[in-house]
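Bear in mind the structure is a predicted one, so any value in this text is a computation, not a measurement. Convention: sequence-line order gives letters A, B, ...; per-chain numbering from 1.
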There are 2 protein chains.
Amino acid sequence: MTITLSTRLHDVRGSAIRDLLALTARPEVISLAGGLPGTDLLPRERIAQALATAVADPAAVQYGETAGLRPLREVVAEHESERLGRTMAAEAVVVTSGSQQALDLVARALLDPGDPVVVEDPVYVGALQVFQAAGATLHPVPVDADGMAVDVLADRLAAGLRPRLVHTVSSFHNPRGATLSPPRRAYLAELAERYGFLVVEDDPYGLLAFDGHPLPTPVAAHGDRVVRLGSASKVLAPALRVGWLTGPAPLCAAVERLKQCTDLCTSSLTQLVTAELLADHAWFDAHLDRLRAALHDRAGALTGAVAGVFGDAVTCSVPTGGMFCWLEFTDGTRPADLLPTALDHGVGYVPGTAFAVGQDLSAAARLCYASNPPAELHTAVERLGAAWGASAT
Amino acid sequence: MTITLSTRLHDVRGSAIRDLLALTARPEVISLAGGLPGTDLLPRERIAQALATAVADPAAVQYGETAGLRPLREVVAEHESERLGRTMAAEAVVVTSGSQQALDLVARALLDPGDPVVVEDPVYVGALQVFQAAGATLHPVPVDADGMAVDVLADRLAAGLRPRLVHTVSSFHNPRGATLSPPRRAYLAELAERYGFLVVEDDPYGLLAFDGHPLPTPVAAHGDRVVRLGSASKVLAPALRVGWLTGPAPLCAAVERLKQCTDLCTSSLTQLVTAELLADHAWFDAHLDRLRAALHDRAGALTGAVAGVFGDAVTCSVPTGGMFCWLEFTDGTRPADLLPTALDHGVGYVPGTAFAVGQDLSAAARLCYASNPPAELHTAVERLGAAWGASAT
């Protein structure tokens with residue numbers, strides 16, 4: 001049977017990452033490819049407890065309000081108020097099915113086909129796909145070790161670019177690992193005011209600063225023209241499918257209206273669990289401390305092994321939080337070409353080309369250190385080294 | 001701050017129902033307005049048990065495949081095979097966050113702005129909103145006591161209408177309560193073949209035939225050009241946020257691709273719970289029997305009370321399953337005008353006008369009997385009668 005698909009679907013990049021994940025799911029492969037938090041680090045027992053408590057309430061299994069359950073909106077507002085240094089009301093929070101849905105709804109609420117949108121390069125592929133599905137015209141701005149090159153954006157704006165949205169994974173960037181520097185944050189918020197665009201501050205990793213590193217101050221602390229997206233996936237568990245957005249009231253109202261026809265509401269049950277865990281400050285703080293320490297260990301294990309195996313043949317980002325490390329080969333190795341050999345040697349990663357919008361990222365690769373304990377990460381890098389050696393001969 | 005919204009958002013009907021639900025949520029109001037399954041009929045204890053089992057598996061709290069977890073796709077395929085009378089593979093099932101998401105993704109995957117879509121009149125408002133958000137051109141076809149008037153559709157097709165999609169709530173219609181008759185089902189599938197459109201068979205209520213009434217045979221049993229949407233919300237619990245679609249392979253692939261950028265995946269946890277409950281045939285069959293019997297009781301209580309209070313002043317649909325009863329006043333009463341008085345008397349419902357696309361439904365109202373036990377339904381109808389009497393004087 002022939003089915004004609006929407007023309008807009010043709011513009012959505014097929015996720016090379018998803019195809020790759022199928023390959024790296026083979027049990028003999030250690031995957032540094034997925035953006036998965038470590039399953040062993042997810043607080044499954046505490047979640048089980050909270051589920052048992054939540055389900056005792058009959059309302060937990062019923063439909064809930066589209067904008068989210070009140071207790072969750074309140075505790076998210078409380079956490080956000082703390083991050084922003086100003087009081088945010090529960091009404092300014094809309095709960096979504098993961099922050100991916102928040103991004104999709106923001107794009108659908110604001111964009112008409114052809115509208116200009118600034119994305120980072122390398123880009124979070126899930127954002128690229130959302131903006132492609134919305135029919136946006138993409139304008140990439142490079143990301144370096146200090147996050148998005150806001151000066152490059154400023155030049156484009158001065159030259160006449162008038163984006164509706166500027167999307168940034170501001171902290172512990174996926175895939176680049178970088179964090180937008182404080183001066184760039186302030187400058188970005190200022191540009192948003194001056195040129196009238198909205199910043200979409202996509203911040204699923206912001207609480208995952210390693211022990212000893214302060215939490216980055218949100219871009220939203222510097223100005224009003226910022227939509228902040230948050231998520232329980234990386235700090236509690238992905239299967240809760242709970243995320244949220246906070247932003248200007250008319251946008252929140254539009255997102256709520258669209259969410260109603262998109263999935264009616266997010267699960268009351270997982271919202272109640274998320275609310276309980278986020279409101280249990282003593283437990284949540286201790287959990288975050290453990291999580292940050294474990295990620296710090298894993299990042300150290302990965303980058304240490306990379307330095308030992310590859311030496312000068314790669315440069316490697318220095319993670320200060322989050323889940324990702326960005327490698328660039330300096331010896332002409334192209335990670336996309338190396339990948340089949342690497343998989344044969346039992347290790348997977350994502351080549352930089354998968355995240356490229358306009359830049360040549362053929363020398364780069366994203367390695368996720370979050371999903372595996374240090375010993376596995378060592379083995380993975382040894383395998384990668386063996387594949388690299390084999391492909392060089 | 002001024003925020004310019006997507007032009008397409010202007011086309012989405014604000015849900016009068018949602019605004020109404022805020023009013024009917026007042027504790028002194030008995031609501032016949034919402035489309036909520038009775039909270040007291042949801043199998044909360046069995047869900048609690050299944051949750052405890054599911055969360056023992058570490059994978060239950062992690063991300064899952066976008067198309068859905070294998071055990072759930074398998075058991076849905078098994079149930080669908082039984083309904084359709086032919087074998088369906090698990091690969092033909094895509095799991096979604098409720099069937100509302102399935103509808104939204106189908107519309108986004110298939111429609112370009114301006115594409116013609118046939119909707120029922122009265123319409124399920126959630127479908128109307130989805131097609132409006134997709135920018136479709138809507139062509140309403142009336143629904144009578146035997147479901148969509150397929151002969152009217154045939155006339156339009158003969159006159160040149162070439163829809164991409166024809167949407168129908170085939171069984172126990174929301175809001176009309178009607179079920180598409182067997183000859184109309186066969187004819188609709190035949191028309192889909194002849195004119196090359198897809199039928200979206202939206203079927204959340206199909207298993208809720210009252211005791212003594214056979215389950216309707218799906219439209220999809222009559223032909224291939226049918227996408228079937230199913231849901232756990234009305235037979236297990238809304239808070240699982242689990243639905244699914246089955247249909248032609250290219251459509252399933254497109255929906256899966258879009259779902260990835262929409263919310264990545266549905267909760268692994270609630271998918272595992274749904275899979276366990278649907279696969280526990282002895283329990284599920286007994287649960288459905290109880291549910292059908294309870295709904296039958298409630299429908300009888302409501303329609304009996306309506307007949308007693310209003311006599312010839314209304315005609316009332318005869319429910320044979322599902323959750324809704326459709327009232328039409330024959331005495332000139334306009335339910336939209338009566339509503340404020342009704343709310344003052346402590347009862348809420350949805351006026352027919354909220355579901356109208358092209359027809360004049362100003363004499364009609366949708367009453368949901370699922371959410372309240374018989375005694376409450378009696379009281380609700382008494383209050384409605386008092387409001388009616390008060391407004392007539």
Exercise for review: Answer yes or no: is there an ion pair linking A:Arg108 with B:Asp104, defined by an N-O contact shorter than 4.0 Å?
Suggested key: yes
Review point. Can you tell which of B:Ile3, B:Leu110, B:Leu128, B:Asp224 has the highest number of heavy-atom pairs within less than 4.5 Å of chain A?
Key: B:Leu110
Exercise for review: Let me know if A:Pro37 has heavy atoms under 4.5 Å from chain B in its side chain, its backbone, both or neither.
Suggested key: both
Practice item. Pick whichever of A:Gln271, A:Lys234, A:Glu45 has the most heavy-atom pairs under 4.5 Å with chain B. Key: A:Lys234
Revision key, fill the gap. Bottom line for B:Leu42: the part with an atom under 4.5 Å from chain A's heavy atoms is side chain
**Study point:** Closest non-hydrogen atom pair between A:Gln62 and B:Gly38, with its separation
**Key:** NE2-C, 4.3 Å
Revision key, fill the gap. Comparing A:Thr4, A:Asp115, A:Leu251, A:Thr270 against chain B, the one with the most heavy-atom pairs below 4.5 Å turns out to be A:Thr4
Practice item. Compare every heavy atom of B:Leu105 with every heavy atom of B:Lys259, then report the nearest pair and how far apart it is. Key: CB-CD1, 3.7 Å
Review point. Taking non-hydrogen atoms and a cut-off under 4.5 angstrom, which of residues 50-59 of chain A neighbour chain B?
Key: A:Leu51, A:Val55, A:Ala56, A:Asp57, A:Pro58
Practice item. Please flag which part of A:Leu269 lies under 4.5 Å from any non-hydrogen atom of chain B: side chain, backbone, both or neither. Key: both
**Study point:** Listed partners of A:Glu65 passing salt bridge (charged side-chain N to carboxylate O under 4.0 Å, His left out), at least two apart
**Key:** none
Review point. For B:Ala127, what residues pass the side chain to side chain contact (heavy atoms under 4.5 Å, CB included) criterion, not counting sequence neighbours?
Key: B:Leu103, B:Tyr124, B:Phe131, B:His167
Review point. In terms of heavy-atom proximity below 4.5 Å to chain A, should B:Ser99 be classed as side chain, backbone, both, or neither?
Key: neither
Practice item. Could you pull out all residues at least two apart from A:Ala92 that satisfy side chain to side chain contact (heavy atoms under 4.5 Å, CB included)? Key: A:Met88
Review point. Side chain, backbone, both or neither: which part of A:Thr96 has a heavy atom under 4.5 Å from chain B?
Key: neither
Check your understanding: Which atom pair, heavy atoms only, marks the closest approach of A:Leu258 to A:Thr262?
Key -> O-OG1, 2.8 Å
Revision key, fill the gap. Ranked by heavy-atom pairs below 4.5 Å to chain A, first place among B:Ala133, B:Ser97, B:Ala109, B:Ala48 goes to B:Ala109
Review point. For A:Arg164, is it the side chain, the backbone, both or neither that has a heavy atom under 4.5 Å from a heavy atom of chain B?
Key: side chain
Check your understanding: Among B:Leu240, B:Thr266, B:Val130, B:Leu264, who wins on heavy-atom pairs under 4.5 Å with chain A?
Key -> B:Leu264
**Study point:** Side chain / backbone / both / neither for A:Leu198 at chain B, heavy atoms under 4.5 Å
**Key:** side chain
Study note, to complete from the structure: One should read off an interatomic distance between B:Leu138 CG and B:Gln132 CD, to the nearest 0.5 angstrom, of 6.0 Å
Check your understanding: With chain B, which of A:Ala237, A:Cys261, A:Ser267 has the greatest number of heavy-atom pairs at distances under 4.5 Å?
Key -> A:Cys261
Study note, to complete from the structure: Nearest heavy-atom contact between B:Val61 and A:Pro238 is O-CD, 3.1 Å
Study note, to complete from the structure: Separation between CD (B:Gln49) and CZ (B:Arg44), nearest 0.5 Å, reads 13.0 Å
Exercise for review: Under 4.5 Å, counting heavy-atom pairs only, tell me which of A:Pro248, A:Pro43, A:Pro113 racks up the most with chain B.
Suggested key: A:Pro248
Check your understanding: Minimum heavy-atom separation for A:Ser268 to A:Gly64, with atom names?
Key -> OG-N, 3.6 Å
Point to revise | Contact summary for A:Thr137 and A:Gly114, nearest pair of heavy atoms | key: OG1-O, 2.9 Å
Review point. Is chain B contacted by the side chain of A:Ala60, its backbone, both, or neither, given a heavy-atom distance below 4.5 Å?
Key: backbone
Point to revise | Side-chain H-bond candidate by donor/acceptor type, B:Gln260 with B:Thr66, under 3.5 Å | key: no
